[in-house]
Q: 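What follows is a single structure, and I will ask about it in a moment.
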Amino acid sequence: MTRSRMQSSRAEACGLPSSRVNLTGTGFERLSIPRLILAVLYDGGEHAKQVPELLGTTENELGLRPWLESQGHTFITTSDKEGPNSVFERELPDTEILITTPFHPAYLTAERLKKAKKLKLAVTAGIGSDHIDLNAANVTNGGITVAEVTGSNVVSVAEHVIMTILDLVRNFVPAHEQIERGEWDVAAIAKDAFDLEGKVVGTVAVGRIGERVLRRLKAFDCKELLYYDYQPLNPKVEAEIGCRRVDSLEEMVAQCDVVTINCPLHESTMGLFNKDLISKMKKGSWLVNTARGAIVVKEDVAEALRTGQLRGYGGDVWYPQPAPKDHPLRYAKNIYGGGNAMTPHYSGTTLDAQKRYAEGTKKIIESYLSGRHDYNPQDLIVYNGDYATRSYGIRESNKAK
């Protein structure tokens with residue numbers, strides 16, 4: 001679905017220039033110059049009509065259209081993002097502000113950035129900007145600002161992680177599917193069902209999501225809670241949660257009954273969970289991934305399920321997205337015919353999260369349009385031609401080169 005170019009013309013109708021004083025927001029703001037803002041979102045169809053709170057859809061447009069058009073800006077929304085003839089490709093050369101989401105990512109490659117001659121700001125409505133070539137963004141048009149709405153869906157994703165762990169450990173999906181088929185065979189389900197209590201659970205990364213996962217797991221009386229990260233938690237936080245840092249990823253996964261991936265995708269984590277690392281995991285363990293699909297090698301995960309090296313794999317992230325119908329992780333099963341708890345990428349786009357990331361997206365755009373550029377530092381991924389965060393890998397500063 002695509003919304004056509006629309007721009008406020010009340011000023012022109014009165015014989016006034018299209019630029020006007022912007023009184024939106026707080027404080028005195030500079031004259032507003034008409035800009036082209038392009039949003040690549042997912043189609044909600046009938047669901048978006050039924051539930052206006054589905055703000056991340058092409059129909060409901062993060063609630064931004066009335067605000068942007070009241071200032072004379074052109075606002076285009078589309079879900080059409082693939083191929084040279086897509087709306088995304090066609091409008092990108094004239095776009096000054098691009099809005100994308102992790103749930104229907106518009107991949108802003110180095111090649112596409114070369115065409116984006118006017119692009120100044122790329123906003124991720126949500127968390128995770130790995131669909132953007134950040135190295136290229138740093139050197140395009142004097143440095144494109146890439147920002148995301150940090151913290152907007154961390155609770156939503158952390159809850160999804162806990163749900164997925166329980167789905168796998170308790171063998172919930174095959175049990176529910178059995179009931180839907182009208183069958184009743186307790187033994188067929190119980191033979192692959194376990195308690196979470198007494199298990200060792202480890203998280204790869206202990207940032208805003210990873211820490212919340214550990215805090216929620218504390219209530220399940222796990223045998224041990226582990227984490228692997230380049231920097232340790234505050235000792236008081238470690239003691240409060242009851243978790244322990246492991247220096248080596250290989251060492252951590254070898255101890256875990258459950259491993260949950262909560263790190264960003266960048267050069268160092270691309271394909272991190274491959275055949276070699278999975279072989280070092282405890283045989284028959286469970287792997288949960290709500291981070292990014294490309295952090296695992298999908299064929300290696302499917303094979304590990306088939307052989308029994310993994311008892312289960314679950315999460316909601318895929319590469320590419322949307323996942324093609326023949327994606328192996330749609331159908332991969334363990335040796336008992338279960339062990340798959342995959343869902344479409346929705347963990348971070350609950351209605352509660354959509355409200356938060358819609359508000360955060362507006363705040364970032366307002367900061368840019370006003371000329372104040374008073375962004376929340378935690379929202380910035382790249383800024384002024386350099387990385388503003390260590391979340392996408394520990395890097396030497398571009399400005400020091």
Side-chain angles (χ1 to χ4, degrees), residues 35-40 62 81 88 91-154 205 207-209 229-231 262-270 291-292 294-295 317 319 321 348 357 360-401:
R35 324 294 177 92
L36 173 57
I37 296 102
L38 172 64
V40 182
L62 300 169
K81 63 186 180 71
F88 176 45
E91 300 292 348
L92 188 58
D94 293 322
T95 296
E96 185 168 340
I97 300 173
L98 175 66
I99 304 168
T100 58
T101 77
F103 318 107
H104 186 74
Y107 294 100
L108 193 58
T109 61
E111 181 181 2
R112 281 173 164 165
L113 280 166
K114 289 179 182 178
K115 305 173 185 177
K117 302 297 185 182
K118 299 180 180 178
L119 187 63
K120 293 294 184 180
L121 174 65
V123 185
T124 301
I127 301 174
S129 299
D130 49 271
H131 55 284
I132 300 171
D133 187 320
L134 299 175
N135 290 327
N138 269 324
V139 297
T140 298
N141 302 337
I144 294 170
T145 296
V146 178
E148 56 189 50
V149 190
T150 298
S152 60
N153 54 25
V154 293
R208 294 179 179 86
I209 294 173
D229 205 316
Y230 66 88
Q231 61 182 2
N262 298 292
C263 60
L265 174 66
H266 50 76
E267 295 94 333
S268 298
T269 60
M270 177 78 73
R292 285 296 180 266
I295 293 175
V317 288
Y319 184 77
Q321 288 189 177
Y357 67 66
T361 298
K362 180 179 179 181
K363 184 177 180 180
I364 292 168
I365 294 174
E366 183 178 37
S367 180
Y368 173 80
L369 291 175
S370 70
R372 297 190 307 269
H373 295 189
D374 54 346
Y375 306 111
N376 178 356
Q378 294 179 328
D379 290 345
L380 295 174
I381 305 304
V382 299
Y383 184 62
N384 282 340
D386 208 352
Y387 280 85
T389 177
R390 300 177 76 185
S391 296
Y392 289 85
I394 302 173
R395 304 164 186 270
E396 180 184 354
S397 171
N398 286 342
K399 297 185 177 180
K401 295 178 182 177

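Values in this document were obtained by computation on a predicted structure and should not be read as measured data.
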Q: If the test is side-chain contact (heavy atoms from CB on, under 4.5 Å), which one of Ile364, Ile144, Val146 qualifies with Leu121?
A: Ile364

Q: Compare every heavy atom of Arg208 with every heavy atom of Val154, then report the nearest pair and how far apart it is.
A: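 Taking Val154 first and Arg208 second, the nearest heavy atoms are CG1-CB, 3.7 Å.
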
Q: Going through the checks in order, is the side chain to side chain contact (heavy atoms under 4.5 Å, CB included) test met by Asn135 and Glu267?
A: CA-CA 11 Å; Asn135 290 327; Glu267 295 94 333; 3.2 Å; yes

Q: Got a second to check how far Asp130's CG is from Arg292's CZ, nearest 0.5 Å?
A: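 These two atoms lie 4.5 Å from each other.
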
Q: In the structure I gave you, are the side-chain heavy atoms of Ile127 and Ser152 within less than 4.5 Å of one another anywhere?
A: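 Yes; the side chains approach each other to less than 4.5 Å.
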
Q: Any idea which heavy atoms bring Ala136 and Leu113 closest together, and the distance?
A: CB-CD1, 3.5 Å

Q: Kindly write out the residues that satisfy side-chain hydrogen bond (donor to acceptor under 3.5 Å, both in side chains) with Thr124, not counting sequence neighbours, or none if the list is empty.
A: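 Applying side-chain hydrogen bond (donor to acceptor under 3.5 Å, both in side chains) to Thr124 gives Ser129.
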
Q: Shortest non-hydrogen contact from Tyr319 to Ala294?
A: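 For Tyr319 versus Ala294, the nearest heavy atoms are CB-N, 3.8 Å.
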
Q: Passes side chain to side chain contact (heavy atoms under 4.5 Å, CB included), Glu366 versus Arg372? Steps please.
A: CA-CA 9 Å; Glu366 183 178 37; Arg372 297 190 307 269; 4.3 Å; yes

Q: Can you name the residues that form a salt bridge (Lys or Arg N to Asp or Glu O under 4.0 Å) with Lys114, not counting sequence neighbours?
A: none

Q: If you round to the nearest 0.5 Å, how far is OG1 of Thr95 from NZ of Lys115?
A: 12.5 Å

Q: With rounding to the nearest 0.5 Å, note down the distance linking CD1 in Ile295 to NE2 in His266.
A: 8.0 Å

Q: I want to check something: taking the side chain as every heavy atom from C-beta on, are Ile99 and Leu62 in contact at a cut-off of under 4.5 Å?
A: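 They are in side-chain contact.
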
Q: Go through the steps to decide whether Lys118 and Leu36 satisfy the test side chain to side chain contact (heavy atoms under 4.5 Å, CB included), and finish with yes or no.
A: CA-CA 9 Å; Lys118 299 180 180 178; Leu36 173 57; over 6 Å; no

Q: Taking only residues two or more places apart in sequence or in another chain, which ones pass ring-ring contact (aromatic ring centres under 6.0 Å, His included) with Phe103?
A: His345, Tyr357

Q: Judged by atom type as modelled, is there a donor-acceptor pair below 3.5 Å linking the side chain of Glu148 to the main-chain atoms of Gly128?
A: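 Yes: the side chain of Glu148 pairs with the backbone of Gly128.
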
Q: Under 3.5 Å, side chain of Asn262 to main-chain N/O of Ile209, donor-acceptor pair present?
A: no

Q: Under 4.5 Å between any side-chain heavy atoms of Pro102 and Gln321, yes or no?
A: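 The answer is no, as the side chains (C-beta and beyond) never meet within the 4.5 Å cut-off.
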
Q: Side chains of Ile132 and Val382, heavy atoms from C-beta outward: is any pair under 4.5 Å?
A: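 Not touching, per the 4.5 Å side-chain cut-off.
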
Q: Considering all heavy atoms of both residues, which atom of Met270 and which atom of Leu265 are nearest to each other, and what is their separation?
A: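 The pair with the smallest heavy-atom distance is CA-CD1, 3.8 Å.
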
Q: About how many Å separate CG of Asn138 and CD1 of Ile381, when rounded to the nearest 0.5 Å?
A: 11.0 Å

Q: Could you tell me whether the side chain of Lys81 and the main chain of Pro105 form a donor-acceptor pair under 3.5 Å?
A: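 Looks like yes, one N/O pair under 3.5 Å.
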
Q: So which atom in Val317 and which in Ala291 form the shortest heavy-atom distance, rounded to 0.1 Å?
A: CG1-O, 3.5 Å

Q: Answer yes or no: is there a donor N or O on one side and an acceptor on the other, between the side chain of Ser367 and the main chain of Asp374, under 3.5 Å?
A: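 Such a contact is found between Ser367 side chain and Asp374 backbone.
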
Q: Should Leu108 and Phe88 be marked as a side chain to side chain contact (heavy atoms under 4.5 Å, CB included) after you check the CA-CA gap, both sets of side-chain angles, and the distance that decides it?
A: CA-CA 10 Å; Leu108 193 58; Phe88 176 45; 4.0 Å; yes

Q: Tyr368 vs His373 aromatic rings, parallel, tilted or perpendicular, using cut-offs 30° and 60°?
A: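 The rings of Tyr368 and His373 lie parallel, inter-plane angle below 30°.
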
Q: Please report the interatomic distance OG1(Thr145) to CD1(Ile97), rounded to the nearest 0.5 Å.
A: 10.5 Å

Q: Any side-chain to backbone donor/acceptor pair from Asp379 onto Val149? Under 3.5 Å, distance only.
A: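 The answer is no, because no donor-acceptor pair under 3.5 Å joins these two groups.
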
Q: Does Gln378 offer a backbone N or O that forms a donor-acceptor pair with the side chain of Thr150 under 3.5 Å?
A: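 Yes: the side chain of Thr150 pairs with the backbone of Gln378.
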
